[in-house]
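One is the number of the first residue; the rest follow in order along the sequence.
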Amino acid sequence: MMKAAIGHSAVRMPVHRSFERELAQLEALSGQAPDADGIERVRRALASENNYLVAKAAGLAARHNLAGLLPEVLAAFDRFFIDAVKSDPQCWAKNALVKALVKLECRDATVYLRGLRHTQEEPVWGGHSDTAGALRGTCTHALVDCDSLNETALLNILLEPLLDQDKTVRMEAARAIGQVGGVSATLLLKLRVLLRKEAPEVLGACFSALLGMEHNDRLGAISLVADFLDDGEEAAAEAAFALAETHEPAALAPLIDRRRQGADAWFGSVLDQAIVLSRLPEGMDFLLGVIEKDVRQAPSALDAISRVHSSPEVRARVAQSVARSKSERVLLAFRQHFPEPLPERGLEVKQG
């Protein structure tokens, strides 16, 4: 019995040491472009059965743009779909390999379609969980650059991830459709938004995609997204930040209008942050006016400005508005959100 135990140990130890040696050799290649021997080492690692080693090798192929290894990357990607739960738990290899394929400019749509349609249910406590969401998301974007697909064919394919069970995949689908652009893509995103039965994060991706597209009905897209500001919930916050990202006066106007209507503390702070993130002078002027004239809302405006702007010029403008407010409460909020020492002569509020 003892001999059997020793023999078993003797078999396992070299395998373990071999893995550690191969991993160390790959990690040594991270900081510099590999020479011929290094490239050969990456090539051998791509043929490994160990999904972690293959993931490391794929990362190196992508980082150093080792285009000569594209056939090996393709072969490895294909291999890890076989008995995927056992051969590639958590999709470590496939996730790294598909990123390498994108970096190495593989434009074969059939490769990415396989990843797009792959689910991988792995056992977890109490059931199973699909671990292939990130893979499907990456393949969704990769398909946009495949020249063999015309716009109609591509949008038909992108309907699949837009209805995926994983909301992160649906978000990537919305962004990909925005990249496609055109009338059909616009209508597809509008339909998804108008249905409203969607996770706030996915709606946010649809908002940003719509507002980021080049189309004739720019004001119509802004109006559609601005309609969600009335909800006052998470979807409204997504709409506010999507409008702010445009940095356009036409998108700032509904944010200011909604802020003037009043909101609870949470959504009021969201609107203030969106207004300042627009980085438009009209937005800053509005928030400075709030600081001067609305003691109750001034702390929220100060918080929003302090999160984005820290230049002495902005601080000086804020200090002037605080002084004009003649409010001890506003002054205390200013000191809280702008804690760095500043000349405060003239900021003291006289007690009457």
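- Judged by the 6.0 Å and 45° rule, Arg196 forms a cation-pi pair with Phe228.
- A donor-acceptor pair under 3.5 Å is formed between the side chain of Arg258 and the backbone N or O of Leu229.
- Val183 and Val193 end up in different hydrophobic clusters when Ile, Leu, Val, Met, Phe, Trp and Tyr side chains are linked at under 4.5 Å.
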request  = Show your reasoning for whether side-chain contact (heavy atoms from CB on, under 4.5 Å) applies to Tyr52 and Leu23.
outcome  = CA-CA 9 Å; Tyr52 188 75; Leu23 181 61; 3.8 Å; yes
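- The backbone N or O of Leu29 lies less than 3.5 Å from a partner atom in the side chain of His64, making a donor-acceptor pair.
- With rounding to the nearest 0.5 Å, the separation of CG in Asn50 from NZ in Lys56 is 11.5 Å.
- Put simply, the side chain of Ser223 never gets that close to the backbone of Leu219: no donor and acceptor are under 3.5 Å apart.
- Linking Ile, Leu, Val, Met, Phe, Trp and Tyr whenever their side-chain heavy atoms come within less than 4.5 Å leaves Val98 and Met171 in two separate clusters.
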ask   = Leu60 and Leu26: side-chain contact (heavy atoms from CB on, under 4.5 Å), yes or no, with the steps?
value = CA-CA 8 Å; Leu60 289 169; Leu26 291 175; 3.8 Å; yes
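- Here CD of Glu122 is found 6.5 Å from SG of Cys91. Values are rounded to the nearest 0.5 Å.
- Here the shortest heavy-atom pairing between Leu70 and Leu101 reads CD1-CD2, 3.6 Å.
- Under a hydrophobic-cluster definition in which Ile, Leu, Val, Met, Phe, Trp and Tyr are linked whenever side-chain heavy atoms come within less than 4.5 Å, directly or via other members, Val202 and Leu158 are assigned to different clusters.
- Atom CD of residue Glu201 and atom SG of residue Cys206 lie 11.5 Å apart, to the nearest 0.5 angstrom.
- Using a cutoff of 4.0 Å between basic side-chain nitrogens and carboxylate oxygens, Asp35 and Arg41 are not scored as salt-bridged.
- No side-chain donor-acceptor contact under 3.5 Å links Arg175 to the backbone of Ala209.
- There is a path of hydrophobic side-chain contacts, each under 4.5 Å, that joins Val314 to Val308.
- Between the side chain of Ser87 and the backbone N or O of Ile82 there is at least one donor-acceptor pair closer than 3.5 Å.
- For the pair Asp88 (side chain) and Trp92 (backbone), a donor-acceptor distance under 3.5 Å is present.
- Shown here is Gln261, whose CD atom has more than 12 heavy atoms of other residues, nucleotides or ligands within 6.0 Å.
- Using a 4.5 Å heavy-atom cutoff, the side chains of Cys106 and Val73 are not in contact.
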request  = Using the side-chain contact (heavy atoms from CB on, under 4.5 Å) rule, take Asn51 and Gln90 through it: C-alpha gap first, then chi angles, then the decisive distance, then the call.
outcome  = CA-CA 10 Å; Asn51 68 329; Gln90 301 300 311; 6.0 Å; no
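- The number of heavy atoms from other shown groups lying within 6.0 Å of NZ (Lys103) is above 12.
- With values rounded to the nearest 0.5 angstrom, Asp164 atom CG is found 12.5 Å from Leu159 atom CG.
- In this structure, Phe77 and Phe81 have perpendicular ring planes: the angle between them is above 60°, well past the 30° mark.
- Between Ser208 and Glu245, the side chains place a donor N or O and an acceptor N or O closer than 3.5 Å (distance only, hydrogens not considered).
- The CZ atom of Arg259 sits 4.0 Å away from the CG atom of Asp272 when rounded to the nearest 0.5 Å.
- Within a 6.0 Å sphere centred on CZ of Phe241, other residues, nucleotides and ligands contribute more than 12 heavy atoms.
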message = Set out, in order, the CA-CA distance, both residues' side-chain angles and the distance that settles side-chain contact (heavy atoms from CB on, under 4.5 Å) for Leu194 and Leu224, then state yes or no.
response = CA-CA 9 Å; Leu194 289 170; Leu224 175 64; 3.5 Å; yes
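- At distances below 3.5 Å, not a single donor-acceptor pair connects side-chain atoms of Asp130 with backbone N or O atoms of Glu121.
- For the pairing with Ile275, the side-chain contact (heavy atoms from CB on, under 4.5 Å) check across Leu243, Ile305, Ile256 returns one residue only, Ile256.
- Put simply, the side chain of His128 never gets that close to the backbone of Pro123: no donor and acceptor are under 3.5 Å apart.
- Val102 and Tyr112 get closest at one heavy-atom pair: N-OH, 3.6 Å.
- Using a 4.5 Å cut-off between side-chain heavy atoms of Ile, Leu, Val, Met, Phe, Trp and Tyr, with links allowed through other members, Trp266 and Leu271 fall into the same hydrophobic cluster.
- Considering all non-hydrogen atoms of both residues, Pro299 and Arg329 come closest at CG-NE, 4.4 Å.
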